[in-house]
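Here the structure is laid out as structure tokens; the discussion comes afterwards.
Chain A is the first sequence line, chain B the second, and so forth, proteins listed ahead of strands; every chain is numbered from 1.
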Amino acid sequence: MPELPEVEVTRRHIAPVLVGRTVREVRTTGASYFFVTPPPRLARALRGATVEALERTGKYLVADIGRGRRLLLHLGMTGQLFSGDATSLRLLSATARASLSPEEQVGFEPDRHTHLQLAFEDAGPDVLFRDVRKFGKVQLLARGERSERLERLGTDALEIQGDDLFRATRRRKVAIKTLLLDQSVVAGSGNIYTDEALFLACVRPGRAAARVTRAECERLADALHRIMARSIETGGSSISDYVAPDGRDGRYQDERKVYARAGEPCLRCDGTIRRKVIGARSSHYCPGCQR
DNA sequence: ACCGCACCCTGAGCGC
DNA sequence: TGCGCTCAGGGTGCGG
């Protein structure tokens, strides 16, 4: 489940493989929910284009493909953007994984979940975008075309200040967890890191947003920065499908304190981590430390 | 304006 | 062995 840190790690790995290269050939799967821009039009625009830059905004990757055009990429829940020479068992189904050792899997054969494949004019590796559940998105923006998706986004999670959070929470009855997941408030937040930030800031996820104090908002902003910066350093969390573009797994999942630890002991007090559904998302917290 | 919820999609894991 | 069920939770959009 890629959140800001996974998207940023992806950007840092894939930018050197993408920027400065000219697309020779584009392969796509058929029209679907995944393609905001219909595949034929996307392929026409990308062929011959040179990638000038790759930036991140919230969970979106935005590629400058020249002549004012931009390519928007979102990894959704199961999106994997990687280089054709990557090696990772995580790129395979569990059944295929069970029958192969890491040494046996070299490179990657595009499967039916590989929706976009770019080959380049130089002899270097292809760039592939695979997404099993197709919650990801690919969208071409023409010169000067505005993007509602990008305009909707709030302050980047790495930049957000306690005061921004405090103002956003006033008179809001929703759970603080739900508000933190709102991309128009905190761009780049996701289920794992909001749970971790709420734990670090000692705020219970189900509490009404309006009841969170200014001091707690300060702690939450600080916690988001620290947790996400640390996750980027360690290569992100590889809990289910996430894999870095070089095929390596992240290691942040080893540092998480509450996410997917229901029933296990709290690392700060003698309590037990609990799981509760808030806003249709599972939340993990320590009832002892988080008030 | 705000809130809760259904929906998009596929695969893993479970009970029977 | 396989069927049917639930769960995963990113984002959008709709009805109340």
Side-chain angles (χ1 to χ4, degrees), chain A residues 1-8 10 29-37 56-62 72-81 89-99 111-116 129-139 147-154 156-157 167-198 205-211 228 236-243 253 256 258-263 275-285:
Chain A
M1 45 212 82
E3 304 179 26
L4 186 153
E6 290 74 30
V7 178
E8 178 60 21
T10 297
T29 51
S32 74
Y33 192 80
F34 176 87
F35 290 104
V36 179
T37 303
R56 179 193 59 78
T57 308
K59 294 177 204 170
Y60 286 91
L61 288 173
V62 185
L72 237 61
L73 303 170
H74 194 290
L75 300 178
M77 285 278 300
T78 53
Q80 301 168 318
L81 185 66
L89 293 179
R90 207 175 278 276
L91 292 169
L92 303 170
S93 68
T95 41
R97 232 177 277 170
S99 65
D111 59 2
R112 70 190 186 98
H113 302 303
T114 309
H115 303 298
L116 184 64
F129 190 172
R130 182 174 184 265
D131 184 4
V132 170
R133 290 176 70 183
K134 290 195 271 190
F135 285 1
K137 291 274 177 289
V138 178
Q139 182 177 18
S147 164
E148 284 183 26
R149 294 167 196 279
L150 293 183
E151 286 170 9
R152 245 197 301 264
L153 295 178
D156 203 78
R167 276 185 277 112
T169 51
R170 292 312 88 186
R171 285 183 291 281
R172 295 294 301 272
K173 288 180 184 169
V174 281
I176 181 66
K177 166 71 184 276
T178 303
L179 189 118
L180 289 174
L181 283 176
D182 185 342
Q183 299 299 294
S184 70
V185 176
V186 189
S189 64
N191 211 33
I192 299 174
Y193 300 104
T194 48
D195 275 5
E196 295 296 320
L198 284 159
R207 200 197 313 171
R211 298 193 157 249
M228 290 198 172
S237 299
S238 290
I239 289 181
S240 55
D241 302 278
Y242 175 73
V243 58
Q253 64 275 13
R256 79 206 135 87
V258 286
Y259 186 80
R261 290 195 67 243
R275 175 182 175 276
K276 184 175 188 255
V277 175
I278 296 170
R281 299 283 141 92
S282 65
S283 295
H284 313 77
Y285 65 98

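Using a 4.0 Å heavy-atom cutoff across all strands shown, A:Ser32 reaches no nucleic acid atom at all. Using a 4.0 Å heavy-atom criterion, one finds that A:Arg275 contacts the sugar-phosphate atoms exclusively. Looking at heavy-atom distances under 4.0 Å, A:Lys137 makes no contact with the nucleic acid at all.
Summarising the geometry, the separation between OH on A:Tyr259 and P on C:dG10 is reported as 7 Å, rounded to the nearest angstrom. With rounding to whole Å, A:Asp182 atom CG is found 11 Å from B:dC2 atom C1'. Across the protein-nucleic acid pair, A:Leu150 atom CG and C:dT12 atom P stand 10 Å apart, rounded to whole Å.
For A:Arg281 against C:dG10, a side-chain-to-base donor-acceptor contact under 3.5 Å is present. The base of B:dC9 is not paired with the side chain of A:Tyr33 by any donor and acceptor separated by under 3.5 Å.
A sub-4.0 Å separation between OP1 or OP2 of C:dG10 and a side-chain N or O of A:His74 is absent. Side-chain nitrogen and oxygen atoms of A:Arg130 include none within less than 4.0 Å of the OP1 or OP2 phosphate oxygen of B:dT10. Checking the phosphate oxygens (OP1, OP2) of C:dT12, a side-chain nitrogen or oxygen of A:Arg152 falls inside 4.0 Å. At the phosphate of C:dG10, neither OP1 nor OP2 sits under 4.0 Å from any side-chain N or O atom of A:Gln183.
With the nearest nucleotide of DNA chain B identified for both A:Arg170 and A:His113, A:Arg170 has the one nearer the 5' end. Checking A:Lys134 against A:Glu148, the closest nucleotide of DNA chain C that is more toward the 5' end is the one next to A:Lys134.
Here C:dG10 is the nucleotide among C:dG10, B:dC9, B:dC3 with the atom lying nearest to any side-chain atom of A:Asn191. Distances from the side chain of A:Val174 to the nucleotides C:dG10, B:dT10, B:dG4 place B:dG4 closest. Ranking B:dT10, C:dT12, B:dC3 by closeness to the A:Arg112 side chain, first place goes to B:dT10. Here the side chain of A:Arg172 is nearest to one of B:dT10, C:dG10, B:dC3, namely B:dC3. Residue A:Lys59 has its side chain nearest to C:dG11 when only C:dT12, B:dG11, C:dG11 are considered.
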Pair A:Arg256-A:Arg261, side-chain contact (heavy atoms from CB on, under 4.5 Å): steps then yes or no: CA-CA 9 Å; A:Arg256 79 206 135 87; A:Arg261 290 195 67 243; 3.8 Å; yes
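Taking each heavy atom of A:Ala175 and A:Pro205 in turn, the nearest pair found is CB-O, 3.5 Å.
Between A:Phe34 and A:His115, the ring planes are tilted. Angles from 30° to 60° get that label.
Of the inter-residue distances, the one linking A:Asp131 atom CG with A:Met77 atom CE reads 9.5 Å to the nearest 0.5 angstrom. Separation of atoms CZ (A:Arg152) and CG (A:Asp182) is listed at 10.5 Å; rounding is to 0.5 Å.
A donor-acceptor pair shorter than 3.5 Å cannot be found between the side chains of A:Tyr60 and A:Gln183.
Searching all strands for a Watson-Crick or G-U wobble partner of C:dT1 with both distances below 3.5 Å returns nothing. B:dC9 is unpaired under the criterion used here, namely a Watson-Crick or G-U wobble arrangement in which both key atom distances are under 3.5 Å.
Here the separation of C:dC5 from B:dC7, taken at their P atoms, is 16 Å to the nearest Å. Rounded to whole Å, the separation between the P atoms of C:dC7 and B:dC5 comes to 15 Å.
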